[in-house]
Amino acid sequence: MSTKYNYFISYLYEDGGGNVDITLEGPIQTIDDLRGVEKAISDEFNLGDSVTIQNFIQLN
């Protein structure tokens, strides 16, 4: 059984902000990991290229 990493993420985008819980296969450790999460949020909610993570907390 592989380890899952759960995060609560607050993000901003061009017209506001939001929060989302996500589960990842690996931990967020680098700026590239953060950019990947921003891209995933942007794609999932059709927010364009303006998503920026404001804060994240690992839940487990």
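Residue numbers start at 1 and run along the sequence shown.
Linking ILVMFWY residues whenever their side-chain heavy atoms come closer than 4.5 Å, directly or via other members, leaves Leu12 and Ile31 in distinct clusters. Placement of Val20 and Tyr5 within a single hydrophobic cluster is found when ILVMFWY residues are connected by side-chain heavy-atom separations under 4.5 Å, directly or transitively. Criterion: ILVMFWY side-chain heavy atoms under 4.5 Å apart, direct or through other members. Under it, Ile57 and Ile41 are not part of a common hydrophobic cluster. Under a hydrophobic-cluster definition in which Ile, Leu, Val, Met, Phe, Trp and Tyr are linked whenever side-chain heavy atoms come within less than 4.5 Å, directly or via other members, Phe45 and Ile22 are assigned to the same cluster.
To the nearest 0.5 Å, atoms CD (Gln58) and CD1 (Ile9) are separated by 11.0 Å. Atom OG in Ser42 sits 5.5 Å away from atom CG in Leu47 (nearest 0.5 Å). Expressed to the nearest 0.5 Å, how far CZ of Phe56 lies from CG of Asp33 amounts to 8.5 Å. The line from CG of Leu34 to CD of Gln29 is 11.0 Å long, rounded to the nearest 0.5 Å.
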Check the pair Glu38 / Thr52 against side-chain contact (heavy atoms from CB on, under 4.5 Å), numbers first and verdict last.
CA-CA 6 Å; Glu38 289 173 344; Thr52 302; 4.1 Å; yes
Run the numbers on Tyr7 and Asp21 for side-chain contact (heavy atoms from CB on, under 4.5 Å), then give the verdict.
CA-CA 6 Å; Tyr7 292 94; Asp21 290 334; over 6 Å; no
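For Asn46, the side chain to side chain contact (heavy atoms under 4.5 Å, CB included) criterion is met by no residue, not counting sequence neighbours.
Looking at Tyr11, its side chain never comes within 3.5 Å of a backbone N or O of Asn55 through a donor-acceptor pair. No donor-acceptor pair under 3.5 Å is formed between the side chain of Asn6 and the backbone N or O of Asn60. The closest donor-acceptor contact from the side chain of Ser50 to the backbone of Tyr13 lies at 3.5 Å or more, if one exists at all.
Within a 6.0 Å radius of CG in Asp49, other residues, nucleotides and ligands contribute 12 heavy atoms or fewer.
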